Amino acid sequence: MENLRLLFDSPVLSVQLLIDGVLIGAIFALAAYGMALVWGVMGLINVAQGELVMLGGYAAFYLYRARIHPLFGIPLAAAAMFCFGWLLYRLVIFRIVEKDLFISILATFGLSILLQQLANTLFGADVRTAESGFGTLFLFGGAVTVAEIKLISFAAALVTGVFLIQFLRRSRMGQAIRATAQNARAARVMGVDTQRVYAWTFGLNAAICGASGALVAMTWVVHPYLGLPYTVRAFMIVIVAGLGNVTAVLATALGLGAAENFAGFIFGAEYQAAFVFGLLVAILVWRRFWLARERRYLQ
Amino acid sequence: MPKRISRTHLVASGGVALLLALAFAAVAEATGDEIVLGAAVSLTGKYSVNGKNTKDGYDLAVERINELGGVKVAGKPYKLKVTYYDDESTPARAAQLTERLISQDGVKFMLGAYGSGLTKAMAPVTEKYKVPHVEGNSAARELFTQGYKYLFAVLSTSDYYLRDAVNLAADVAKEHRKDPKTVKLAMAFENDPFSLDVRDGVLEDAKKYGMKVLIDDKLPPEINDMAATLTKVRAVKPDVLIVSGHEKGAALVVRQTGEMKIDVPMMASTHCDSARIAETMPRLAEGFLCASQWDRHLSYKDRWFGSADDYANRFEKRFNYPAPYQAAESTASVLVYADAFARAGSLDPEKVRDAIASTDMMTMYGPIKFDTTGKNTAKPMVLYQVQGGEYKVVAPKKWAQTKLVWPRKLSQ
Amino acid sequence: MTAMLEVDRVRKSFGGLLANKDVTLRVPAGGIFGLIGPNGSGKTTLFNSIVGQHPIDAGSIRFEGREISRLRVPEIARLGLLRTFQQTRIYSGMTCVQNMVISVAVSGLDWSSMFQRVPTADLRKAEELLEFVGLFPKRHLRAGDLSFGQQKLLELAMALMSGPKMLLLDEPTAGINPTLINGLLERLRRINEQFGITLLVIEHNMRVIMNLARYVYCLAHGELLAEGKPAEIQQDPRVLDAYLGSR
Amino acid sequence: MKLRRGAVAACVVLALVAPYLFPNWRTQMALLFIMIVFALTWDLLGGQMGYNSFGNVLFFGVGMYVCAIVQRNGHFAYYPGLFLGSAAGAVAAVAVAAVLGSGILGLRGHYFAIGTLGLGIAAGELAGGWDFVGAGGGMVPPLFPGELGGRETFFYYLCLALAAVTLPVLRWLYSGRFGLVLNAIRDDEDKAEAMGLRTTRYKTTAWCISAFFLGLSGGAVGNLLGFIDPREVAFAVDTFGVWMVLMAILGGKGTLWGPVLGAVVFHVTKELFWTYLLGWQRVALGLLIVVIVVFFPVGILGWARERWPERFGHRIEGAP
């Protein structure tokens, strides 16, 4: 437990880990918003979530190539991905909405490997990155560093969260989405075009993922196979936070990012992923026993 | 309750029979005046960048050799041809495809896949079928301690990738009148056979000098962020940071050390040239040390391509990107075959194997001479440093274009 | 007469809504008892509390003198206290006979019987009971293909198959063709008399319950409003108020 | 009846002589049998019991690693080592299933799917970090001692035997009370509990049976491939783990022969893709998956049963 002692010896490291983790979590939060939205409204678990992030990253990368500053790349990538999401809905997703959840998991899994491979063929497998040109902030006399781009991610996560809440509350489409989420059949009877609502929802999801992908391209690297970690983390976050609560999603995502970063530090990077998935199983099992005491089920 | 499933039986067994028949009918193999080499390369999956390099290297060699009239075996000219499959960067697939190439497609000579894990899975198969297997992209030392007789590698084994970085660190320490013992190392290696082997080499040399290893992390293959490891690096302030994790690892470490302002006087990584860190992130990559099997500025020559530089130009013209060493070593593997076919004067795999074993040739990739375990002991590794956005050879001394810049200047 | 089921000051709330408010009732062994009350008076909630579907907030529930308010559904079922559902629940993908044969009393099953083939005795009993509820001709159909009323009968037969001591029936006549109701009542009486099973029946149809039950409990607003013989209950002004008021 | 016996006999004979008829395809065919075992054991939970697991590959990996460890550290001769190793692998897999059972099998619906997915991935990551089993470098089981080609034939028959045992065992299980209870859990688990059935016991037992066969096949596949990688061979959640599900669904889940049919169709199609669609094979596979689940969610046999219900022993009309 050498690493643990290191942490106690210089507590400022914890600050660094916490900040980094929370900022990583902000990007997970974006992917998780979209998943919660699609899951809640369309009853669909989208396993291709990470691939949407990946495609958003490529969109930002090519915009960057075309000499558009990545900061403007974020909304542009989001807009491009909205169209892509809409298209995807009209082509495939509409067939699996309102079917068994398990069907949606498998179908979107198929989509995810298809998108991976297409990206591999179209964009090449090279590791890409979009240089944002942002600098680094120093805190605590240089003991803690924060990349500005990560702060921007964090801000983007907050802004998107607020936007999402306001959109769902205020706009006509937002209200239609909420009505459909509550009861699709009733909404249809009331004259809501649920197909259009679903297409919008999925497009919105893709747009949010696209924005997070742009941030990934600016913060880390983009390659065709980066999706799975985002999908799985989005799952976890949504399960823990529940479907209807944007604030809870954000809080859980930030917490997960921090927990993961601490785990990587303490157990070594090789057990970081094992820790995350172990945690997922542990949370589920714990909730199951906790509910069983209540004579209830996790369902 | 009687469950009547007789029809089900019929449907099921009928389907089985039909499909099996369909599958078996799908094999045909043409051999005219062609020698077919088999290769499973990673066109998809995590090694697909290098898999493409490998395939391009093979293709360029085959094109060039055929352009020059092919290979003369016992007076008769043959053209070369490569049959490819995609191993998807997974060992299981690679082993299976090797088996298929040999037993179903009738391939008698195998070229290597990209990656030690894959070759580890393939070597037992080629060994079993007694099929020569010349590869230029799998450098794990373990491959050459199994007593394989049909496996030959034209490249330096992976434990040599970053030994020079350790040696350089020791030299620098001596120059500054310090004991190499005082040098502190931090290491992060991807958790795969190749990188773990690189780690072994580094550890061995570090032990030789008595250096202290402060951090020894294994990075998971799907890692997207190195913040946890780098925070540790900042805390313990090592003199050398060594990273190996294919392209992703190289790109991530350059990017994140830059962003987190991790100030380590010497940083070294594998694969930074194929990750193109100097081209895409010149500011952050400045001063990084990169291990390479080969460089276009080395003064090697052969009769097919001319000098190393000629090869690089030809490659760039053909494929529109600068030749990485992964392509050069793939080309060299084909050249070994061309040379061995001519000397063996036969296409009998046994005779070809013996001819390969006695190879002693010069190529644009470097001298090739196999020891009894099948690895090329004649060619050294080189170490680049990124200086002013370009890769400059700094070690070994014999090939050095320029002097090492130490300590590395932190970008602002 | 000893009490078979004792419900003592049971309280259950969902969020802010108090569904059962200190309900106390004693069901003696051996008869047919009715549980009535207007919609939303907490009858089904009480059933759910008794069989262990959800925890109760306060109070105690005893079955044959044994405290069961902390036990879970299958444990209570194995004691011989079974319920049927308002919306029927059957295994829709399996045939009627299959539905029946896995409904045998679990207390008689141990590890070794897990992998057994279904004994012919069980098959015979299943067919007899299907005959009893009038589903014998349909015994090889998928249960999911039956009509709603037939599914209710199947569910009743499944409950009988496991030889319970007491059955809680949630609106057995709802959704059944009115012409068949008399037959159903006849069967319920025979279940009580021939098989010796105590019945507690939730019912909306006043004519039915007055005809069937020997003793009736009436719930309103989550509280026990009145209890007594059908004739008494029928005259009770509070009960009339509750029903009329709820309209 | 005669026709059916004839068809079965023909299949048995074909399977027995196949390695001599098509010696080049022995490894592929051995893997096909493993795929059949995968699909069958997945269907035991997913099809018959309605518990869609994404992590069954966990038991496969446990069996593979335990077998290889016994072979490596046990200093036995090859065949005893393989035999003991496989047995130990199967026992270990069953033990893991039994221990995890009460916790994981209490999850329902998609929580179960995701929980098992997490288990499978976590196991791969743990094995990938553990130096005792070679960490990310993987393990190499001992070399087969026999002569050239003997290895393929040996493993062909081993895998054939495995599939040939799994199928009748499952058939026997489905024909009795056990199968009926599993179906009851699938149709309405709450009702099964309300009837007093000890559902957890049945579910755990089913999982253990599934784990047993997967553990055995893990030992065999580790030796057949000759190389164990933690994430891509042993705990290959995103390939084997998902393929099991697909194969069972493709053939028709909840039927005995569906998974077999699905495994054959899927394996052969996949091999053809990999041969003829170089570079695009995963696009084709992805499309195939989408098409399968969107258009054939009930699978080949399920579709056939809807089409010709009377041939499958189902009656729609009343009374004989």
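Side chains are part of it too, since the values below use all heavy atoms of this structure and drop only hydrogens, waters and symmetry mates. Within every chain, numbering begins at 1; the chains are lettered A, B, ... in the order of the sequence lines, protein sequences first and strands thereafter. A quick note: this is a predicted structure, and the numbers were derived from the prediction, not measured.
Heavy atoms closer than 4.5 Å to chain A are found in the side chain of D:Ile249, but not in its backbone. With a threshold of 4.5 angstrom between heavy atoms, D:Phe54 approaches chain A through side-chain atoms but not through N, CA, C or O. There is no contact between A:Leu279 and chain D, counting heavy-atom distances below 4.5 Å. Both the backbone and the side chain of A:Ile103 come within less than 4.5 Å of a heavy atom in chain D. For D:Leu246, the part sitting under 4.5 Å from any heavy atom of chain A is the side chain, from C-beta outward, and nothing else.
Heavy-atom minimum distance, D:Val294 versus A:Ala107: CG2-CB, 4.5 Å. The nearest pair of heavy atoms linking A:Gly110 to D:Ile289 is CA-CG2, 3.7 Å. Closest approach of D:Ala122 and A:Gly278 over heavy atoms only: CB-N, 4.0 Å. Nearest heavy atom pair, residue D:Gly118 against residue A:Leu280, reads CA-CD2, 4.0 Å.
Here the side chain of A:Arg288 pairs a donor or acceptor atom with the backbone of D:Ser102 at under 3.5 angstrom. The main-chain N or O of A:Leu284 is never found under 3.5 Å from a side-chain atom of D:Tyr111 such that the two would form a donor-acceptor pair.
In this structure, CG on A:Leu228 lies 7.0 Å from CG on D:Asp238, to the nearest 0.5 angstrom. Put simply, CD1 on A:Ile105 and CD1 on D:Ile114 are 5.5 Å apart, with the number rounded to the nearest 0.5 Å. Going from atom CD of D:Glu125 over to atom CZ of A:Phe277 covers 6.5 Å, rounded to the nearest 0.5 Å.
The choice from A:Ile96, A:Thr108, A:Leu118 that makes the most heavy-atom pairs within less than 4.5 Å of chain D is A:Leu118. Counting heavy-atom pairs closer than 4.5 Å to chain D, the top residue among A:Trp286, A:Trp39, A:Phe275 is A:Trp39. For the set D:Leu117, D:Val290, D:Val283, the count of heavy-atom pairs under 4.5 angstrom toward chain A peaks at D:Val283.
When side chains are defined from C-beta on, A:Arg95 counts as touching D:Phe295, because their heavy atoms get closer than 4.5 Å. In this structure, A:Leu106 and D:Val242 have side chains that are in contact, with non-hydrogen atoms separated by less than 4.5 Å.
Heavy-atom contacts from other residues, nucleotides or ligands closer than 6.0 Å to CZ of A:Arg196 number 12 or fewer.
Checking D:Ile104, D:Leu107, D:Ile121, D:Thr116 one by one against A:Val281, the side chain to side chain contact (heavy atoms under 4.5 Å, CB included) holds for a single residue, D:Ile104.
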